[in-house]
**Student:** 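Shown below is the structure under consideration.
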There are 2 protein chains.
Amino acid sequence: MSGDMSRSAPTLEVVAALAGVSRATASRVLSGTGRSSSQAQEAVLAAAEKLGYVPNLAARSLVTRRSDAVAFVVAEDERTFFADPFFPTLLQGAQEVVADRGLQLMFMIVRDEPSHRRLVNYAAGGHLDGVMLVSLHGTDTMPQDLEARGIPVVLVGRPIVDEPLRSYVDADNQGGAASATELLVARGCRRIAAITGPMDMAVGQDRQAGYRRALADAGISYDESLVAAGDFSRESGERAMRELLAAEPAIDGLFAANDLMALGAMSAIGESGRSVPGDVAVVGFDDTPLAAQTRPALTTVRQPIAELGRAMAQCLLDRIAGSGRSEPVIVQTEIVHRTTA
Amino acid sequence: MSGDMSRSAPTLEVVAALAGVSRATASRVLSGTGRSSSQAQEAVLAAAEKLGYVPNLAARSLVTRRSDAVAFVVAEDERTFFADPFFPTLLQGAQEVVADRGLQLMFMIVRDEPSHRRLVNYAAGGHLDGVMLVSLHGTDTMPQDLEARGIPVVLVGRPIVDEPLRSYVDADNQGGAASATELLVARGCRRIAAITGPMDMAVGQDRQAGYRRALADAGISYDESLVAAGDFSRESGERAMRELLAAEPAIDGLFAANDLMALGAMSAIGESGRSVPGDVAVVGFDDTPLAAQTRPALTTVRQPIAELGRAMAQCLLDRIAGSGRSEPVIVQTEIVHRTTA
DNA sequence: CTGTTAGCGCATTCAG
DNA sequence: CTGAATGCGCTAACAG
């Protein structure tokens, strides 16, 4: 039967009293700022330990004007977020460097307008020193709203509106997509289809651009009936492939803009009685864990997702520390050869 | 080229000045507390809008001694969390009611000792009014640590150490598992295997207990060689089934303690050349979306996951509001008949 | 209905 | 090296 502590969180005041020093000294000892005699140090530490003292972060935040917390924000509905292993890996990378600096990382999903506003207010209210923004669609103004209030924002994925001032990290999407398509060409494919990502995001546009570029380089003319739009979900890949196959039965290669859609497409290909890679060679994008697990194993374009997360966090912390605006960070991709192409 | 706002977030003071009223009045208008003349109201609102005023939450928190934020904490590593659709659905349910009350929900994953301590300090530091704790293993003392500091905690899943005071919500795991096993018996299975969840969690113990009870009720003796331990991951289900089949080839029914393991087990069954449900009937637990999507579709025990999340949040908010300690909430389960059994 | 007053708990000057 | 004093921005009494 523990007593009700809710009315009596020990303050710095009482710690100092018990240690026989002033608040100021106690504060210095506990935050490691300034210097203090080992005598005072021991006394304060002992008192804090004994009382189970925990600093009141709101009070500290009020005076330091920092919160020591940053957010990892996903502008996507839960379903999408949890269905794609891309996100957790990114989160993990970011978490690593943030925790390393002793900051709190808070994770939030903002999908609708109300939650969008809540986030901005929350951050502007002083609870967030910075924001990492993932999966931004179209012309969402969240970054601007945040930056306008002095909150540094780092995006993962090139923002679709070109503003030189915006910080972001990204993979070489166009280069990766081009490599994937070249591989298909090298394998002898002639009717190479593509399932694109959401075209309201740079990642969708860039990967399609890579596909077109590689086709052009190979002297294959671009055929619109070989391109279908997806939204990065498995289901969209399956649906798109079904349509593609119906419209153009001679398809012998496929570039899917991410692994999840590639898997969906492979289901559709199988259903149609075709084999992979015998009848249709397939290349995905991301190299999520799923790619290696599926049968047949998926040939795909690897992007170093965790590194992307680390870079994003690093970039944000730098900006919070005030080291000016950082240049975009672009990480390279590489083909991972497995069995689907 | 927007000006640098970072040094000048407008305070209540300047809003009040611009509106020609006192801080107190401005505060009342903006927080909707107390009454104020429509005249003052208009003036304050206009001023706030014009200045882009956002309250400093740290300052408010310091005086109200509340943070208006609660956490959804998962004591599990990222991989596990993101692999199981159970969690996002739960989160969604919780998010609904939390957002409805205008509170912030922060999501955190605490897997190791450091992050564990960080969370407790963060909460004790006044940044959290309450905590929802998911997937608590063994004798983790996080709930006690938190409650000892006056932070209300609600668990999902019965805590494994029996303390009458702890608040939790849970499904009728034993009843559900018993129903599943009964179904297998009714289908004519005689050698019914079980793949359990982690036995350091009540959910693991309870579902196994349900299995044993149903077996006993049917007059079938419990055979240890028909039971293998899993950890709720797909891989563990696959591995367990392989071992089970090797040790006891005559198995004709399987109860898996969750859907993910059931799917893994079905892979192993397929690999062994057996068919589902022809040779081995299978029943899972949860009814996550995966259950309906897989081929053959999985017969399983449905628990209303989103409802569980809502109940959990509701329970927490009640406790924060001080309406005493709430009774455990137990939601009922039901069999969903598909094709695997 | 409104203004005045008084802290919330802490980090940080500035003297000593 | 240490203590006393100050104020961060806000809400909650309390008077008017």
Side-chain angles (χ1 to χ4, degrees), chain A residues 5-44 47-48 51-68 121-122 124-127 129 149-150, chain B residues 5-45 47-48 51-68 121-127 129 149-150:
Chain A
M5 315 273 306
S6 60
R7 72 173 71 198
S8 62
T11 73
L12 191 56
E13 176 93 42
V14 332
V15 172
L18 201 161
V21 300
S22 71
R23 279 208 309 275
T25 301
S27 173
R28 286 182 196 109
V29 171
L30 291 171
S31 61
T33 318
R35 305 183 56 78
S36 41
S37 67
S38 52
Q39 234 188 89
Q41 226 154 324
E42 271 179 50
V44 171
L51 267 36
Y53 171 76
V54 175
N56 180 316
L57 270 25
R60 170 180 295 172
S61 176
L62 189 55
V63 45
T64 63
R65 312 176 87 63
R66 290 177 304 109
S67 67
D68 289 326
N121 283 341
Y122 191 74
H127 269 325
D129 291 341
R149 299 193 176 282
Chain B
M5 315 272 305
S6 61
R7 73 173 70 199
S8 62
T11 73
L12 192 57
E13 177 92 42
V14 331
V15 172
L18 202 161
V21 299
S22 71
R23 278 208 308 277
T25 302
S27 174
R28 285 191 276 261
V29 171
L30 292 171
S31 61
T33 318
R35 306 182 56 76
S36 42
S37 68
S38 52
Q39 234 187 90
Q41 226 153 323
E42 269 179 50
V44 171
L45 259 20
L51 266 35
Y53 171 76
V54 176
N56 180 317
L57 269 26
R60 170 181 295 171
S61 176
L62 189 55
V63 44
T64 62
R65 315 176 84 67
R66 291 177 303 107
S67 67
D68 289 329
N121 283 342
Y122 192 73
H127 269 327
D129 291 341
R149 299 192 175 283

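In what follows, chains are A, B, ... by sequence order, proteins preceding strands, each numbered from 1. Hydrogens, waters and symmetry mates are skipped; everything else that's a heavy atom, side chains included, is used. Remember, it's a predicted structure, so these values are computed and weren't measured experimentally.
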**Student:** Please state whether the phosphate of D:dG3, meaning OP1 or OP2, lies under 4.0 angstrom from any side-chain nitrogen or oxygen of A:T25.
**Tutor:**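 For D:dG3, OP1 or OP2 has a side-chain N or O of A:T25 closer than 4.0 Å.
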
**Student:** Could you list the residues that satisfy side chain to side chain donor-acceptor pair (under 3.5 Å) with A:S27, not counting sequence neighbours?
**Tutor:**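 So A:S27 forms no side chain to side chain donor-acceptor pair (under 3.5 Å) with any residue.
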
**Student:** If you compare all heavy atoms of B:A47 against all heavy atoms of B:L18, which two are closest, and at what distance to 0.1 Å?
**Tutor:**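 The pair with the smallest heavy-atom distance is CB-CD2, 3.8 Å.
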
**Student:** Summarise protein proximity over nucleotides 8-16 of chain D in one line of letters, 5' to 3': B for base, S for sugar-phosphate only, - for none, counting protein heavy atoms closer than 4.0 Å.
**Tutor:** BBBBBB---

**Student:** Just jot down the side chain to side chain donor-acceptor pair (under 3.5 Å) partners of A:S22, sequence neighbours excluded, or say none.
**Tutor:**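 Scan of A:S22 (side chain to side chain donor-acceptor pair (under 3.5 Å), adjacent residues dropped) gives A:T25.
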
**Student:** Along DNA chain C, 5' to 3', what are the outermost nucleotides having an atom less than 4.0 Å from a heavy atom of chain A?
**Tutor:**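 Contact span on the strand: C:dG9 to C:dT13.
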
**Student:** Per the end-axis method with five pairs at each terminus, what is the bend angle of the helix from C:dC1-D:dG16 to C:dG16-D:dC1, to 10°?
**Tutor:**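 So the angle between the two local helix axes works out to 30°.
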
**Student:** Output all residues satisfying salt bridge (charged side-chain N to carboxylate O under 4.0 Å, His left out) with A:R23, sequence neighbours left out; order by chain, then residue number.
**Tutor:**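 A:R23 satisfies salt bridge (charged side-chain N to carboxylate O under 4.0 Å, His left out) with A:E13 once adjacent residues are dropped.
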
**Student:** With sequence neighbours excluded, what pairs up with B:T33 under the side chain to side chain donor-acceptor pair (under 3.5 Å) test?
**Tutor:**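 With sequence neighbours excluded, B:T33 shows a side chain to side chain donor-acceptor pair (under 3.5 Å) to B:S31, given in chain and number order.
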
**Student:** Could you list the residues that satisfy side-chain contact (heavy atoms from CB on, under 4.5 Å) with B:A26, not counting sequence neighbours?
**Tutor:**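 B:A26 satisfies side-chain contact (heavy atoms from CB on, under 4.5 Å) with B:L12, B:A16, B:V21, B:V44 only.
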
**Student:** Please name all residues satisfying ring-ring contact (aromatic ring centres under 6.0 Å, His included) with B:Y53, sequence neighbours left out, ordered by chain then number.
**Tutor:**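 So B:Y53 forms no ring-ring contact (aromatic ring centres under 6.0 Å, His included) with any residue.
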
**Student:** Which residues satisfy the salt bridge (charged side-chain N to carboxylate O under 4.0 Å, His left out) test with B:E42, sequence neighbours excluded?
**Tutor:**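 Listed in chain order: nothing, the list is empty.
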
**Student:** Please work out whether the ring planes of A:H127 and A:Y122 are parallel, tilted or perpendicular, with thresholds of 30° and 60°.
**Tutor:**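 Aromatic pair A:H127/A:Y122 classed tilted.
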
**Student:** Hey, can you pull the donor-acceptor pairs under 3.5 Å for the side chains in residues 55-62 of chain A, sequence neighbours left out?
**Tutor:**
{"unit_1": "A:N56", "atom_1": "OD1", "unit_2": "A:A58", "atom_2": "N", "d": "2.8"}
{"unit_1": "A:N56", "atom_1": "OD1", "unit_2": "A:A59", "atom_2": "N", "d": "3.0"}
{"unit_1": "A:S61", "atom_1": "OG", "unit_2": "A:R66", "atom_2": "O", "d": "3.0"}

